[in-house]
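Since the structure comes first, as structure tokens, the remarks are kept for the end.
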2 protein chains.
Amino acid sequence: MRSPTIRDVAKAAGLSVAAVSRHLNRQIALPDETARRIDDAVQRLGYQPNVIARRLSRGSSETLAFITSDIAYPFFAAVASAAEAEAAALGYSLLIFNSRNEISRELSLLSRITDHQVDGAILMTNHVDDGQLGEAVRKARFVVLADEDVSGADVPRVFADNETGGALATRHLIATGHHRIAFIGGPRGLVSTEGRLAGFEMAMKEAGLPTEAALTRFGFYSEQAGAEAFRELMSMPEPPTAIFAIADLLAVGVISAAREMGVTIPDDLSVVSFDDIPYAHLLNPPLTTVHQSADEFGRVSARLLVDLIHGRSGSGERHSIPVKLIERGSVSAPPRSSSQDNSKRRQGDPSQTG
Amino acid sequence: MRSPTIRDVAKAAGLSVAAVSRHLNRQIALPDETARRIDDAVQRLGYQPNVIARRLSRGSSETLAFITSDIAYPFFAAVASAAEAEAAALGYSLLIFNSRNEISRELSLLSRITDHQVDGAILMTNHVDDGQLGEAVRKARFVVLADEDVSGADVPRVFADNETGGALATRHLIATGHHRIAFIGGPRGLVSTEGRLAGFEMAMKEAGLPTEAALTRFGFYSEQAGAEAFRELMSMPEPPTAIFAIADLLAVGVISAAREMGVTIPDDLSVVSFDDIPYAHLLNPPLTTVHQSADEFGRVSARLLVDLIHGRSGSGERHSIPVKLIERGSVSAPPRSSSQDNSKRRQGDPSQTG
DNA sequence: CTGAAAGCGCTTACAG
DNA sequence: CTGAAAGCGCTTACAG
């Protein structure tokens, strides 16, 4: 019941192991008759090369890793799926890893590159680094950073155009008549949070609108964090009339909490978010959100990684994924009653900018 | 720049390779001083064992594969995530593979078991087998089949209680007043389709209701297939007043198409589905659906696989995942106007059963 | 063109 | 207890 090895094939074909190996790897053109003898033996024995052994002697695996903080988040799953498709087209397998956003797991996954278990990795982390990850990435070398940054790592990067997206979302809210706009972000220090915040602030400034510290919240990327931020915002003396939640996941938390509190979106409160996850258009309300292409994210990352492995792409490379605003049903004009007057009353507030 | 090997460590510690290996694998209790020498050398050199080499000589990898037809489908992603968590708790890594439901990819993934690239696999296929897959599973041995069956494979299985779920969904529709109920299934021959169909038919029969062939459709598991089945159903002379779509994915297709055609759910048409994907409660309308626990699916599958590898679980084992109906907003009483009378008129139709 | 042999980096029976 | 050596199944310089 032992699986046949290349030696068995060689014996059966009356040839040397080397000849068989070379033939199987197409590094040699054998006379037809000889080639057939090998192929027949392979057939008959049901021989399958042992990939582990090949990997050990060759030092490469034709396998890539995709490390995500949460494979259950639809946007990340969609990126993984696209990366897989592109990797396959380029002759690579893709292993998908769930890091649960734990640095220890990210580190051990990255070490599989040094191991030659995989040739390289696409890393989608989702926390700020204390330096460990940066060092590991530098050591692993064949890594592309997608969606979030790891500072100090000299590798290619693929980010969404966060700043433009943030500005797009905010301008849309302003154009619809909102002045008191809250910002619900992820953790501070992440490029997603900082980029989208910069876009938000830029758009507010353009419009001559103040950015109030109490209206900009930060926290984890989770439904719960979105819900919590929403509740805090609504319990303010003068709640905002619109929210820019910088991820659909956060917006989902906002929607759930709003439902519970009986506030209607968009009648009582407008919401714009970011990502455009698969079912965003079917939610209630349909989410107005900044779209970034998961497909392009995955494909570009995979291509960049393969290029890097083959020395065809520089480590300084940066790729920006374009964004666009998708208007659906979660935004409307602010309710007549509210904040218009309130915001005037607060004109002199020292916490205001601009 | 070459990564340090166990030989380097041995040299640095002034010991044999064997001693180092045994110490690192805790198969030996060295005098404290000696142990420290090794640990220091490991530290200093930054030694990390080469997993590939270990795997080749040991013949096992402490790694499991999770093969899914579509990692981008939220339910599957959730199962993968749970399987990963359980595997990690049991000391195994989990690689997630996207097979795209292509048999050639499933086969090559399965062959990684024979390869010793992975110790075993959880296989979630989604097509009927022509025998190839069954043979590969039999050969690979350390496989657990989840969600869908592969006939002729003598391995453990984890299925939802499809029949009960199908009956639950159908009875709910009947209890709400529906008589003309359509069934939108996946491909014929899959246990999900057949089991849920059996439950559907059982519930209809219980209620003394006919099952009309034109009202039961089968097709791929895709949004598109759901939309198409819906359109065909609605263009019938007497369309159904309710649909049991046996997967949320299908229901999402139905909802989209209904939106386009201007039919309102649940006022014009009631819909029940199956799965309860993550955002089902936030859709418009909130989906009334049969819940199956993705978490339990993933955890049980992983545990069964590890048990199988360790010879602790028999290949005949079957585990059934309980289901329950979650009532939300996609079902209401049938519209006054319709089918009540129509269905009487068709009493004598030969295509009717029972 | 072809084969014998070394080597990839571990683990583990075997002998001391 | 400890080490020298064989072996896991391939690939590939090297020599013929």
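Note that the structure is a prediction, hence the values are computed from the model and not measured. Quick note: numbers below take in every heavy atom, side chains included, and nothing from hydrogens, waters or symmetry partners. Here is the naming used below: chain letters follow the sequence lines, and residue numbers restart at 1 for every chain.
Taking the side chain as every heavy atom from C-beta outward, A:I309 and A:L64 approach each other to under 4.5 Å. You'll find the side chain of B:L190 reaches within 4.5 Å of the side chain of B:P187, heavy atoms only. Side-chain contact check for A:V79 versus A:D295: every heavy-atom pair is 4.5 Å or farther apart. For the pair B:H127/B:L133, a side-chain contact is recorded, criterion being any heavy-atom separation below 4.5 Å from C-beta on.
Pairs passing the side-chain hydrogen bond (donor to acceptor under 3.5 Å, both in side chains) check and including a residue from residues 63-88 of chain A, sequence neighbours excluded, read A:Y73-A:D275, A:S81-B:N98, A:E84-B:R100, A:E84-B:R105, A:E86-A:R299, A:E86-A:R303.
Using a 30° and 60° split on the angle between ring planes, B:F297 and B:F75 fall in the perpendicular class, above 60°.
Annotation: C:dG16 and C:dT12 have their C1' atoms spaced 16 Å apart (nearest Å).
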field: Paired and unpaired positions of DNA chain C as dot-bracket, Watson-Crick or G-U wobble under 3.5 Å, | denoting a partner strand
entry: |||.||||||||.|||
- request: Classify every nucleotide of nucleotides 8-16 of chain D by which part a protein heavy atom approaches to under 4.0 Å, writing B for the base, S for the sugar-phosphate alone and - for neither, in 5'-to-3' order.
  value: BBBBBB---
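Ion pairing between a basic and an acidic side chain is recognised when a charged N comes within 4.0 Å of a carboxylate O; A:D154 and A:R138 show no such pairing.
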- request: Determine, step by step, whether B:T125 and B:E106 satisfy the side chain to side chain donor-acceptor pair (under 3.5 Å) criterion, reporting the C-alpha distance in whole Å, the side-chain angles of both residues, the deciding distance to 0.1 Å, and the verdict.
  value: CA-CA 8 Å; B:T125 182; B:E106 291 172 327; 2.8 Å; yes
